[in-house]
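Every chain is numbered from 1 and lettered A, B, ... according to where its sequence line falls, protein lines coming before strand lines. Everything numeric in this text was worked out from a predicted model, so none of it was measured.
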There are 2 protein chains.
Amino acid sequence: MSKPTIYSIAQRCGVSAATVSRAFNRPELVSEAVREQIVAAARELGYQPSSAARGLVTGRAEMIGLIVSDITNPFFPLLVRSIQHTAERMGSSLMLVDAEESAAAEVRHVAQLRSRVDGVIVASPRSSSAALREAARGLPCVLLNRPLRELSSVVCDNTSALFDVGEHLYKHGHRSYALLAGPSASWAAARRSQAIRRWARGREVELAELGPFRATFKGGRQAGAALLGTEATAAFAFDDLTACGVLAELAGRGVSVPGERSVVGCDDVLLARTVTPSLTTVTAPMDDLGATAVQVLTRRIEAPGGPPEHVTLPGVFVARDSTGPRSTS
Amino acid sequence: MSKPTIYSIAQRCGVSAATVSRAFNRPELVSEAVREQIVAAARELGYQPSSAARGLVTGRAEMIGLIVSDITNPFFPLLVRSIQHTAERMGSSLMLVDAEESAAAEVRHVAQLRSRVDGVIVASPRSSSAALREAARGLPCVLLNRPLRELSSVVCDNTSALFDVGEHLYKHGHRSYALLAGPSASWAAARRSQAIRRWARGREVELAELGPFRATFKGGRQAGAALLGTEATAAFAFDDLTACGVLAELAGRGVSVPGERSVVGCDDVLLARTVTPSLTTVTAPMDDLGATAVQVLTRRIEAPGGPPEHVTLPGVFVARDSTGPRSTS
DNA sequence: CTGAAAGCGCTAACAT
DNA sequence: ATGTTAGCGCTTTCAG
């Protein structure tokens with residue numbers, strides 16, 4: 001009465017184990033009558049193929065790893081969903097691990113995943129490029145929101161959308177801006193700051209740089225406090241979570257948004273739509289990002305020798321209620 | 001130049017494969033000199049034991065599955081962390097899957113996990129008890145926040161803390177309450193409603209029952225709108241996320257909290273501390289819940305025959321800024 | 001303390 | 001269309 005294997009089924013059906021195996025993997029190679037008999041027996045016995053045994057012989061785990069820098073950040077849940085969906089459609093399971101914002105944990109986890117997965121996606125890595133490169137040596141890997149020549153990557157570029165944000169604010173009369181920078185280990189943060197600086201230079205507009213702040217609600221409150229120390233009437237927050245913190249801080253101090261200050265976020269997480277006032281932000285194509293990452297990874301798994309792929313997806317500007325005309329006071 | 005195995009190492013060190021295996025698994029059985037040599041060779045070759053091969057022979061995947069009803073709910077990230085930590089300490093990896101609030105996906109996923117994990121934790125299941133029981137047949141399983149006689153469970157009971165909440169509100173002069181009920185498929189929701197009802201009956205106080213509402217920010221806004229249709233001066237929200245929605249809705253309509261209405265949440269997720277005003281709520285012992293779940297599961301894996309365990313951990317009342325004296329208007 | 005050998009459950013040639 | 005056979009990489013008796 002032990003756990004059923006292809007042998008128990010084979011015996012029960014009077015065929016060989018190979019036939020049972022084929023019945024599941026290459027059904028076209030086995031006669032319909034036998035196949036049906038096998039399938040029936042399997043269901044009856046509650047047969048579950050052993051993925052260890054299969055993995056051992058095929059060399060495939062049919063599992064991909066996903067390392068996120070901070071599961072707590074609302075940016076990730078949506079991404080996780082999209083990745084899980086796509087992976088499932090490709091016949092793989094997802095193994096998710098949270099690095100808790102620690103670069104060390106990140107590389108430790110990829111090392112640990114090596115033997116259990118076919119490949120790994122590292123989302124918003126905090127590790128140094130060198131560490132990442134080294135950790136991924138010989139393991140199919142795609143980086144999300146961090147380009148690196150030697151590894152594949154899919155990133156969301158908000159440069160153009162941030163220009164749109166700037167223009168939007170400019171049209172509302174703002175001339176003095178604050179840039180609330182994100183974590184220094186984040187490529188996205190650097191990239192966004194750069195875009196905003198570039199835009200500001202082009203417009204010959206005032207830009208106060210504050211931060212870096214942590215990409216948390218709390219970091220946002222600090223950013224909000226810092227913002228109030230400046231004359232800026234409009235602020236670019238690193239992301240929506242930060243922006244929400246800014247909103248909360250301003251609200252707490254009785255500063256109205258967008259009446260007295262305009263605030264924009266980035267990413268368009270759920271929170272951005274539900275907070276009051278709703279956030280003007282840049283929508284990241286989460287579904288695409290996730291799906292593309294899985295597809296690129298799949299290609300790397302199938303052709304480990306190939307050259308790394310790099311795909312860039314643009315964010316898109318969306319105006320909501322946290323921005324408005326510059327106060328005339 | 002293929003992937004190193006215990007054989008490559010054995011050959012290189014002039015020992016047998018068995019010795020290499022022992023060097024890693026039962027180091028005390030091999031002489032120090034040989035062991036050191038083996039370890040050195042392994043490091044040099046970048047040896048990684050194949051978990052498939054080991055799993056095949058040991059019958060252990062050294063991996064546990066975690067199914068969450070909705071990764072998007074801020075309740076889970078903390079839980080995931082605690083579970084991942086504990087699992088890691090017990091030598092297991094974590095395979096996380098999101099059921100996206102679908103009961104069907106839940107049971108589908110446990111079926112799919114069967115062959116890849118040693119056991120599974122289902123957090124806040126939405127499936128029927130019968131479906132759960134059936135899906136977990138023969139698979140070590142512990143339910144989080146849902147008791148079920150035949151399966152192990154660890155639940156957080158807030159009954160006593162909710163009484164404290166009631167008393168706290170009562171002392172502030174509130175006599176008319178609203179109960180904003182959570183999802184009907186959630187055991188926690190039913191349990192909390194029941195506790196609040198019981199308390200209200202004991203105090204002979206007015207209690208309007210509203211809902212059920214979805215456990216989302218949006219659901220909270222709806223609950224907030226519903227709340228304004230009543231005379232209640234204090235509201236029990238199902239959880240913190242809902243409570244935040246209520247707060248947002250009231251703020252949007254210019255109703256002050258706690259000035260005009262007091263609002264309490266439940267769970268004490270990060271958000272509860274960061275929202276304005278900060279939420280009076282009931283703190284769930286996340287770390288304990290997660291750690292206990294893993295420990296119980298581990299026991300079931302090691303002794304699959306044993307009787308199910310049921311552990312209950314209490315939540316604790318914490319007063320913050322979203323509750324105050326009943327308005328005198 | 002170490003080696004030889006068997007086998008975990010499955011797949012993939014190679015035969016038939 | 002089906003059976004035979006040989007491993008995949010590892011652990012684990014059983015003998016030395």
Side-chain angles (χ1 to χ4, degrees), chain A residues 1-39 41-42 45-63 91 93 112 114-118 138-139 301, chain B residues 1-39 41-42 45-63 91 93 114-118 138 301:
Chain A
M1 185 54 236
S2 64
K3 178 174 274 194
T5 70
I6 49 173
Y7 287 101
S8 5
I9 299 181
Q11 197 171 10
R12 208 162 189 283
C13 298
V15 298
S16 77
T19 304
V20 178
S21 175
R22 285 191 200 104
F24 295 117
N25 302 309
R26 323 269 319 262
E28 71 280 9
L29 294 185
V30 29
S31 76
E32 190 169 330
V34 175
R35 190 177 52 224
E36 279 173 3
Q37 195 193 160
I38 289 174
V39 171
L45 262 42
Y47 168 72
Q48 294 280 142
S50 148
S51 53
R54 168 183 297 161
L56 181 55
V57 51
T58 60
R60 284 286 174 77
E62 302 202 307
M63 175 128 81
S93 300
Q112 206 196 299
R114 281 199 112 80
S115 57
R116 313 172 126 327
V117 302
D118 299 322
L139 177 70
I301 291 171
Chain B
M1 186 52 235
S2 63
K3 179 174 274 196
T5 70
I6 49 172
Y7 288 101
S8 6
I9 298 180
Q11 196 169 12
R12 207 160 190 283
C13 297
V15 297
S16 76
T19 302
V20 176
S21 175
R22 285 191 198 104
F24 295 117
N25 302 306
R26 322 270 316 264
E28 70 281 9
L29 294 186
V30 32
S31 74
E32 189 168 330
V34 175
R35 189 177 56 222
E36 278 172 3
Q37 194 193 162
I38 291 175
V39 171
L45 262 41
Y47 168 72
Q48 294 279 141
S50 148
S51 52
R54 168 183 296 160
L56 181 55
V57 49
T58 61
R60 285 285 174 76
E62 302 202 306
M63 176 128 81
S93 300
R114 281 197 111 79
S115 58
R116 312 172 122 336
V117 302
D118 299 321
I301 291 171

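Following rounding to the nearest Å, A:R26 (CZ) and D:dT2 (P) show an atom-to-atom distance of 14 Å. As a whole-Å value, the separation of B:I6 CD1 from C:dA5 C1' is 13 Å. Atom CG in B:L29 sits roughly 14 Å away from atom C1' in C:dG3 (whole-Å rounding). Atom-to-atom, NZ of A:K3 to C1' of C:dC8 comes out at 12 Å; the value is rounded to the nearest Å. The CD-P distance, from B:E28 to C:dC1, rounds to 10 Å in whole Å. We find that CG of A:N25 is positioned 15 Å from P of D:dT2, with the value rounded to whole Å. Look at CD1 on A:I38: it is 10 Å from C1' on D:dT2, rounded to the nearest Å. Rounded to whole Å, the distance from CD on A:Q48 to P on C:dC10 is 11 Å.
Distances from the side chain of A:R22 to the nucleotides D:dG9, D:dT2, C:dT2 place D:dT2 closest. Across C:dC10, D:dC10, C:dC14, the shortest atom-to-atom separation from the side chain of A:A53 is found for C:dC10. Side-chain atoms of A:L56 lie closest to D:dC8 of the nucleotides C:dA4, D:dC10, D:dC8. Side-chain proximity of B:S21 to the nucleotides C:dT11, D:dT12, D:dG9 is greatest for D:dT12. Of the candidates C:dC10, D:dC10, D:dT2, D:dC10 carries the atom nearest the B:Y47 side chain, counting heavy atoms from C-beta on. The nucleotide whose nearest atom lies closest to any side-chain atom of A:V57 is, among D:dT4, D:dC10, C:dT11, C:dT11.
At C:dG3, one or more side-chain N or O atoms of B:S16 fall inside 4.0 Å of OP1 or OP2 (strictly under the cut-off). In this structure, B:S31 does not reach the C:dC1 phosphate: none of its side-chain N or O atoms is under 4.0 Å from OP1 or OP2. The phosphate of D:dG9 (OP1 or OP2) has no side-chain N or O of B:S50 nearer than 4.0 angstrom. Remark: A:T19 is not in phosphate contact with D:dT2, judged by side-chain N or O atoms under 4.0 Å from OP1 or OP2.
The shortest heavy-atom contact between A:S93 and B:R116 is OG-NE, 3.0 Å. Scanning both residues, A:M63 and B:M63, for their nearest heavy atoms gives CE-CE, 3.1 Å. Smallest separation of non-hydrogen atoms from A:R114 and A:G138: NH2-C, 3.8 Å.
Counting atom types as modelled, B:Y7 pairs no side-chain N or O with a base atom of D:dC8 as donor and acceptor under 3.5 Å.
Using a 4.0 Å heavy-atom criterion, one finds that B:F24 contacts no nucleic acid atom at all.
Projected onto DNA chain C by closest heavy-atom contact, B:E32 and A:R54 fall at different nucleotides, the more 5' of which corresponds to B:E32.
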Show which side-chain atoms of residues 15-23 of chain A pair as donor or acceptor with protein atoms under 3.5 Å away, not counting sequence neighbours.
| residue | atom | partner | partner atom | Å |
| --- | --- | --- | --- | --- |
| A:S16 | OG | A:A18 | N | 3.4 |
| A:S16 | OG | A:T19 | N | 3.4 |
| A:S16 | OG | A:T19 | OG1 | 3.3 |
| A:S21 | OG | A:N25 | ND2 | 3.3 |

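Heavy-atom contacts from other residues, nucleotides or ligands closer than 6.0 Å to CD of A:E32 number 12 or fewer.
Judged by distance alone, the side chain of A:S115 and the main-chain N or O of B:S51 form no donor-acceptor pair under 3.5 Å.
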